[in-house]
Amino acid sequence: MFIFIFYVAILQTMQGDITFGHLYRPWNDTANPNRTNLFCPSDCDQQYATYIHREDGCCRCRMKPAWELDLTDVEFLNVEYRRRRGTAFIILIEQLMNYKYQILIHTYGFLSKIPENVCDFAQKLVKLDLSGNGITNFESISCLTNLDTLLLARNKISHVKNETFFGLSMLRVLDLSNNDIKVLEPNTLSDTSLFLHSANFRQNQMKTIDITNAVIENPFCKIDYSDNKITDFTNEVSFQINPDKIYGDGGYIDLADNVFQTWINFTDLGFPDLNYFGKVVSYGFDLRRANWTCDCKMQPFLEKVKPYLGKIWRDYYNITCTEPPELSGVSIADMSMKNKLDNFICNISVTSGCPLGCHCYEQPSERRTVVNCTGVGLTTMPSKLPAFSNIELLLENNLIHELGDIEYLTQLKKLEINNNPLRKISSALAKRIKYNVDISLNCTNLEKIPITFKQLDQHRVKLGICNITCDCSSKWVKEWIFAKYDNSNHNELYCKASGGNIPIISFNFDALDCAVDQFLIYIAIALALFLIILSVGMFVLYNYRYELVLIHKNPTIGRENMVSMLYDIYIVVNENNDEALLWTKTVLTHKLKRLGYNTYFPCRDNILGDLREEQIIQMLSKSRDVIVLLTSEFNSDEENLNTLYANLEWRHAWNNFKTNSSERNLIVINFDQLKAGDFDVSPLKAFLRLKMTLDFADRSHSLMRDLLARIGPPSRVNKKPIYKQTHRDHTQFIELYFE
């Protein structure tokens with residue numbers, strides 16, 4: 001006991017080495033400065049004398065705590081079972097001694113949980129080894145704030161919650177290997193209060209691992225997830241990397257011997273830029289001995305790391321492919337260093353747009369998607385392609401007769417259609433294809449090349465040997481070829497002639513008198529413009545014919561006339577609208593009668609037993625003006641007698657107005673505040689569009705004044721006239737009403 005105290009006193013005062021079987025010196029963990037009982041091997045100083053960062057890493061991973069170097073101040077605790085089901089308590093062997101550290105080792109027993117009184121020993125307990133028991137739950141350890149080592153291997157733990165280790169800032173070594181862990185909750189290991197140097201989760205049943213348990217801020221030596229059933233990483237809490245931090249500071253994560261297949265999607269894991277991964281994560285991942293599919297998803301990552309593989313080699317970089325079969329067993333790192341990234345492709349299925357019988361794949365190393373339909377017996381161009389850009393469409397050795405205008409042409413980077421019996425190329429094809437697209441085709445059977453090819457780069461268009469008919473419409477071909485003629489595009493174009501084929505660059509187009517053809521072109525253009533103008537005019541006349549009638553006849557102005565008819569006003573109301581009917585009966589007809597107007601109101605004046613249609617026609621012919629109360633029923637599809645008769649009244653009133661608008665007027669009161677858009681093309685739509693209706697809800701209360709201005713004075717005098725017949729001036733009549 002006294003010897004140990006003597007050693008501790010020396011450790012606190014000396015700057016040199018202390019010998020505990022090996023040379024060790026006191027070491028302060030810069031990440032966790034509260035630890036004062038750790039010792040670093042002296043050979044770390046010798047190995048990394050000029051590298052402080054590496055020296056800290058060496059000490060962290062090889063250091064030993066004081067109680068492992070000298071056991072004289074260590075008390076070993078024991079366990080006493082209280083129940084057969086594995087419940088136990090911790091007991092002291094020596095009651096009188098006052099030790100500085102306590103250790104409990106009870107392995108291969110039948111504990112079902114952590115001893116119930118473990119918190120009574122929280123002040124001195126530094127190591128707890130309960131490996132090989134039947135423990136299923138260990139959440140009761142949060143009180144063990146001085147615990148350095150927790151060994152629970154080969155138990156029956158299946159779930160680890162993320163608050164289990166919170167606050168255990170002294171915990172350095174954790175072993176949960178060979179359990180039945182299926183769930184390791186997010187942020188279990190990433191809490192900044194934890195300073196784990198090693199954590200062992202190997203040989204459990206985990207199928208996924210959250211990225212927060214693999215990207216850790218505090219430095220560590222090793223986290224072991226090997227020999228689980230992990231297929232992928234998850235990001236359940238939407239973690240995002242912070243590019244201003246350094247994570248891990250050394251060490252590595254062992255993920256070997258799992259069942260990964262598809263390469264990691266770093267974007268989904270919170271790395272929007274792959275450069276962040278190398279910048280902030282300063283440790284390695286061992287991903288060997290998994291069932292890796294080497295495809296296009298790997299390529300972007302390998303392209304980033306390729307410059308560093310040869311300079312900073314680690315054994316765990318040697319990952320090998322399982323799929324596809326042609327790459328099985330091949331080293332990914334080897335292919336990357338030998339610039340064989342072209343092998344990393346993703347095949348595209350028929351359900352994703354690959355034409356039937358074709359081979360489609362995405363190849364990121366070449367920045368392209370290939371659709372290879374060579375020699376599959378196509379007679380037409382594919383109807384659709386995968387939804388990718390930079391597509392290289394290979395259609396050689398097929399039976400295609402025509403190149404049509406298809407939407408996917410805008411996606412093309414390259415088009416090869418050699419050895420096909422092409423006879424026609426759509427003029428719209430070149431309009432849709434981008435200027436810098438490479439085109440290769442054989443034009444042996446073509447009579448004409450569409451003029452739209454003029455907008456393409458002639459150095460990227462390979463036509464081969466073509467014998468075309470040269471006329472005025474083909475003159476542009478010579479100009480297009482001759483503009484940059486150096487034969488580098490392998491285009492041999494000939495004009496068919498009676499004496500044999502002539503190279504197009506030597507053909508004399510001036511001898512064809514193309515000026516005549518040019519004159520005909522001008523005539524055709526002029527005729528086309530005339531037809532366009534005529535079509536627009538006809539469209540306007542048809543769709544706005546009623547507006548033109550109203551503008552010409554202008555129903556907003558009262559008719560000054562001396563004509564005398566049986567009725568001054570015929571009132572049209574759809575009798576299905578109770579409000580409009582009530583207002584007409586109680587207000588409108590009474591006011592007009594007071595002013596001396598003789599009105600015909602079908603609801604009031606129809607003779608029962610007569611044919612309604614004949615009455616409508618007869619009474620409208622005997623009425624000078626017509627007032628229509630426009631309600632929503634005029635635009636209704638509902639079929640009933642009232643709507644039928646109201647629409648009939650409207651049609652006859654409109655026809656009478658058209659034929660004799662100099663003496664008759666047609667006034668529309670917008671009772672239901674309808675809009676022009678509520679109607680199809682019709683006279684009512686025209687009234688609303690030109691704002692020639694009277695607004696029933698006019699806030700200025702000028703409805704009757706505006707109405708009288710449009711119908712003019714009465715042509716008959718009732719029994720009690722309010723004006724003299726000498727008042728022929730319409731304005732005087734309106735003023736009389738409002739006196």
Side-chain angles (χ1 to χ4, degrees), residues 208-211 214-215 230-235 238-243 247-248 252-253 255-256 258-288 290-314 316-324 326-328 330-349 352-354 359-372 385-392 411 413-414:
T208 60
I209 188 74
D210 196 84
I211 190 63
V215 178
I230 300 172
T231 60
D232 200 4
F233 283 94
T234 60
N235 190 2
S238 302
F239 167 81
Q240 288 291 317
I241 197 73
N242 185 344
Y247 294 79
Y252 86 107
I253 294 181
L255 288 157
N258 276 284
V259 289
F260 290 102
Q261 289 183 324
T262 304
W263 190 246
I264 304 161
N265 188 329
F266 290 97
T267 303
D268 290 347
L269 298 181
F271 291 85
D273 187 341
L274 275 177
N275 290 318
Y276 288 168
F277 194 84
K279 177 182 177 183
V280 303
V281 180
S282 60
Y283 51 90
F285 289 80
D286 189 346
L287 295 166
R288 290 175 292 178
N291 301 321
W292 291 112
T293 297
C294 294
D295 58 16
C296 64
K297 297 178 179 132
M298 279 189 175
Q299 189 276 335
F301 180 79
L302 294 177
E303 190 169 322
K304 292 288 185 183
V305 303
K306 181 173 64 174
Y308 309 102
L309 288 175
K311 300 176 183 177
I312 311 172
W313 177 254
R314 301 288 186 273
Y316 53 79
Y317 292 169
N318 194 28
I319 303 169
T320 57
C321 303
T322 301
E323 295 288 341
E326 59 270 20
L327 296 179
S328 180
V330 177
S331 168
I332 294 172
D334 188 54
M335 282 193 288
S336 180
M337 289 188 288
K338 293 181 179 179
N339 293 318
K340 293 183 178 180
L341 297 181
D342 290 353
N343 294 320
F344 294 88
I345 64 173
C346 286
N347 290 318
I348 303 170
S349 65
S352 298
C354 184
H359 179 210
C360 307
Y361 57 90
E362 186 184 0
Q363 191 175 36
S365 63
E366 297 294 330
R367 308 292 189 270
R368 67 175 183 170
T369 300
V370 178
V371 178
N372 189 352
L385 294 183
F388 292 90
S389 58
N390 295 329
I391 290 179
E392 295 190 5
Q411 302 169 235
K413 172 185 178 182
K414 184 177 184 179

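Being a predicted model, the structure only gives us computed values, none of them experimental.
- Residue Gln261 holds its CD atom at 8.5 Å from OG1 of Thr322, rounded to the nearest 0.5 Å.
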task = Quick one: do Asp342 and Gln363 satisfy side-chain contact (heavy atoms from CB on, under 4.5 Å)? Show the steps, please.
result = CA-CA 7 Å; Asp342 290 353; Gln363 191 175 36; 3.6 Å; yes
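- Within the 3.5 Å criterion, the main-chain N or O of Lys297 finds a donor-acceptor partner in the side chain of Asp295.
- Residues Lys340 and Glu326 are not paired through a salt bridge, judged by the lack of any N-O separation under 4.0 Å between the basic side chain and the carboxylate.
- Atom CD in Gln299 sits 9.5 Å away from atom CD in Glu366 (nearest 0.5 Å).
- From Asn291, atom CG reaches atom OG of Ser328 across 10.0 Å, with rounding to the nearest 0.5 Å.
- Atoms CG and OG1, on Asn235 and Thr267 in that order, are 11.5 Å from each other to the nearest 0.5 Å.
- Side-chain N or O atoms of Tyr247 include one that pairs as donor or acceptor with a backbone N or O of Asn242 at under 3.5 Å.
- When side chains are defined from C-beta on, Leu302 counts as touching Ile332, because their heavy atoms get closer than 4.5 Å.
- Atom OG of Ser331 is separated from atom NZ of Lys338 by 9.0 Å, given to the nearest 0.5 angstrom.
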request  = Test side-chain contact (heavy atoms from CB on, under 4.5 Å) on Tyr361 and Asn347 and set out the steps.
outcome  = CA-CA 4 Å; Tyr361 57 90; Asn347 290 318; 3.8 Å; yes
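- Using a 4.5 Å cut-off on side-chain heavy atoms (C-beta onward), Phe233 and Ile209 make contact.
- Thr320 has its side chain out of reach of Trp292: every pair of non-hydrogen atoms, C-beta onward, lies at least 4.5 Å apart.
- Contact of the Glu362 side chain with the Pro386 side chain is not registered, since no non-hydrogen atoms from C-beta on lie closer than 4.5 Å.
- With rounding to the nearest 0.5 angstrom, the OG1 atom of Thr231 is 9.0 Å from the CG atom of Asn258.
- Contact record, Val371 with Cys360: CG1-SG, 3.7 Å, taken as the closest heavy-atom pair.
- Residue Cys294 comes nearest to Pro324 through the heavy atom pair O-CD, 3.6 Å, listed as atom of the first residue, atom of the second, then distance.
- Closest approach of Lys413 to Arg367, counting heavy atoms only: NZ-O, 3.8 Å.
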task = Any chance you could lay out the side-chain contact (heavy atoms from CB on, under 4.5 Å) test for Ile345 and Val370, step after step, and finish with the verdict?
result = CA-CA 10 Å; Ile345 64 173; Val370 178; over 6 Å; no
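- Using bins of under 30°, 30° to 60° and over 60° for the plane-to-plane angle, the ring pair Phe271/Phe266 lands in the perpendicular bin.
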request  = With side-chain contact (heavy atoms from CB on, under 4.5 Å) as the test, would you mind laying out the steps for Ile230 and Phe260 before giving the verdict?
outcome  = CA-CA 6 Å; Ile230 300 172; Phe260 290 102; 3.4 Å; yes
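- Using modelled atom types, one side-chain atom of Gln411 and one backbone atom of Phe388 make a donor-acceptor pair closer than 3.5 Å.
- A side-chain hydrogen bond (donor to acceptor under 3.5 Å, both in side chains) with Thr234 is found for one member of Thr208, Asp268, Asp210 and no other, namely Asp210.
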